[in-house]
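Just so it is clear: chains get the letters A, B, ... in the order the sequence lines come, proteins before strands, and each one is counted from 1.
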2 protein chains.
Amino acid sequence: MSSSAYLDAPSSAYAAPALPLPGAADADWVEPAVWQALLGGARLEPGELAALQAMARLRRLPAGARVFGRGEPALVLVAVLEGSVGLGLARDEAAAPFHLERTLRGPAWVDLGSAWLGGGHGQDARALGPAQLAELPLGAMRLLMARQPAMQDRLLVALAQTVRALSAAAHDLMHKDAEKRLVAWLLQQAGGQSQLRLAERKRDIAAQLAITPETLSRMMRQLKTKGLIAVAGYTVQLLDPAGLLALAGTE
Amino acid sequence: MSSSAYLDAPSSAYAAPALPLPGAADADWVEPAVWQALLGGARLEPGELAALQAMARLRRLPAGARVFGRGEPALVLVAVLEGSVGLGLARDEAAAPFHLERTLRGPAWVDLGSAWLGGGHGQDARALGPAQLAELPLGAMRLLMARQPAMQDRLLVALAQTVRALSAAAHDLMHKDAEKRLVAWLLQQAGGQSQLRLAERKRDIAAQLAITPETLSRMMRQLKTKGLIAVAGYTVQLLDPAGLLALAGTE
DNA sequence: CGAACCCTTGATACGCTTCAACAAGAGTGG
DNA sequence: CCACTCTTGTTGAAGCGTATCAAGGGTTCG
């Protein structure tokens, strides 16, 4: 096969110091488009944007850094602005210290729901690569919500989108086999493009699809021999989008 | 095995007329405790209760009746008060016209999220048995939310609970085998009791657990021969709760 | 250089589905 | 009343899909 397949490998978590680095606050500025992506619904007004900007605390995390742990009280709303954060369960095994279940690529909320329930976060969260986060203190957010009732609506929309995504994930796990899930994932990641760069380690992709890395490798090879895709390291070309779409079995 | 195992079978959907029966509105009254269960958070005030009561339209559905269809605009918030409603995908196959994915036993919201997103419901919903529903018109609800900001908070809590439930379901599908899922389901259904009556057809239970009815039957027999449970038709006794808990592998 | 990590490939084993057949209750109509 | 059909659940045999175990090669880092 290809020889230098690892030259363009995504940033791996093991190389970086996996320390919390808690207060690396930048005086950075968040683009309105990012806030708009996080808070759907109607167009954000200048007043809302200013309030969000003022209350947001930005954090820049190295790869592998802990975002929060299961059971910790959710006193802030956490959003990924750039990079990706993984949701899963931390395990104290040397081989696989973190069981990834879901990845969130910015801009996206990270476990938005837990803030409204007692009992803290339901899962552990870790940065899968270098990531920039924004944290909105719950108290300030509640004040803003009281002043701007539309903000509550936006949060409802964001939560409803999460429900949709989780619902689709559960559906796929129930009714699609590994190949279907992989193809659907590839098509979704490509977003209409015919080329695709894998931004995560393949084992993390496998974890999201609930298959083993070995199976992922075999499936990729299978698709390659079928002539549907071309793989070179972390670059995938979708050679036959129509065939892939049919294979994904999007219902 | 037992001979008359079907005498106490749950109401099956096929016998009832599967017609919409759209406007079977009763002038019934909904208990405050039910509203409280649906709308978590702080205790509901009399004003809120009165408003909910006034806007709610009650429907009583026969077994198998359609609640709503995928793609239909979500103009009302639908809640099950009594009975259970199944969420899934309608299929036009003679053998299995409805692919059940998730069941909601009253009191519970049915696809609460879709109201806040455009594009209508994401799944089909059908009554699994005789059920009583409440429908809250979205317009009236928005008015109430504007007057009583606490109501938005309650809906956020309800959606967050849905996220938790779906998240747990996805986790189980990824990391638990059929036996673990079944045992966890039994324990959850029993709710601390040592006896348990199955309220749905076993094939519907199997669908929820994402296994075939055949596998469910085999698992039940396996647990029976292990001495962990005793099965008689639709009645299950949990003989060894500690052993079951260990088997479920609750992490 | 060795160590640590990544991905890949092969052989094997297990879990679960699929297919087929059967038993039992419920509704239907002669 | 009985035969017929449709439902449901159960059981068995065979097969597919995926995990597990083991080994090997490539790259990076100390």
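- Which of D:dT18, C:dC16, C:dT8 sits closest to the side chain of A:M219 comes down to D:dT18.
- Straight-line distance from the CG atom of B:L209 to the C1' atom of C:dT17: 15 Å, rounded to whole Å.
- Atom CD1 in B:I205 sits roughly 15 Å away from atom C1' in D:dT10 (whole-Å rounding).
- A:R181 and A:Q208 are not linked by any side-chain donor-acceptor pair at a separation below 3.5 angstrom, with hydrogens and angles left out of the test.
- At D:dT8, none of the side-chain N or O atoms of B:Y234 fall inside 4.0 Å of OP1 or OP2 (strictly under the cut-off).
- For B:Q123 and B:E101, the side-chain atoms include at least one donor-acceptor pair closer than 3.5 Å.
- In this structure, A:A210 reaches the sugar-phosphate backbone alone: every heavy-atom distance under 4.0 Å involves primed, P, OP1 or OP2 atoms, never a base.
- One finds a side-chain N or O of A:T212 lying less than 4.0 angstrom from the OP1 or OP2 phosphate oxygen of D:dA19.
- Taking atom CG of residue A:D177 and atom P of nucleotide D:dA19, one finds them 11 Å apart after rounding to whole Å.
- Listed nucleotides: D:dA19, D:dT10, D:dT18. Nearest to the side chain of B:S217: D:dT10.
- If you take CD of A:E179 and P of D:dC16, they are 15 Å apart, rounded to a whole angstrom.
- For B:T215, a side-chain nitrogen or oxygen approaches OP1 or OP2 of C:dT17 to under 4.0 Å.
- As a whole-Å value, the separation of B:K224 NZ from D:dG9 P is 14 Å.
- A:I211 comes within 4.0 angstrom of the backbone, heavy atoms only, and of no base.
- For the pair B:K202 NZ and C:dA24 P, the interatomic distance rounds to 15 Å; values are reported in whole Å.
- Here CG of B:D240 is found 10.0 Å from CG of B:L245. Values are rounded to the nearest 0.5 Å.
- In this structure, B:R203 reaches the D:dG9 phosphate: one of its side-chain N or O atoms is under 4.0 Å from OP1 or OP2.
- Atom CG in B:D204 sits roughly 11 Å away from atom C1' in D:dT8 (whole-Å rounding).
- Contact annotation: B:R221 side-chain N/O to D:dT10 OP1/OP2 distance is not under 4.0 Å.
- Remark: the B:R218 side chain and the C:dT18 base include a donor-acceptor N/O pair separated by less than 3.5 Å.
- Straight-line distance from the NE2 atom of B:H175 to the P atom of D:dT20: 11 Å, rounded to whole Å.
- Taking all atoms of both residues into account, the shortest heavy-atom contact from A:E179 to A:L223 is OE2-CD2, 4.0 Å.
- Scanning atom types as modelled, one donor and one acceptor separated by under 3.5 angstrom connect the side chain of A:E214 and the base of D:dC21.
- Nearest heavy-atom pair, A:S167 versus B:L166, reported as atom, atom and distance to 0.1 Å: N-CD1, 4.2 Å.
- Side-chain nitrogen and oxygen atoms of B:R201 include none within less than 4.0 Å of the OP1 or OP2 phosphate oxygen of D:dG9.
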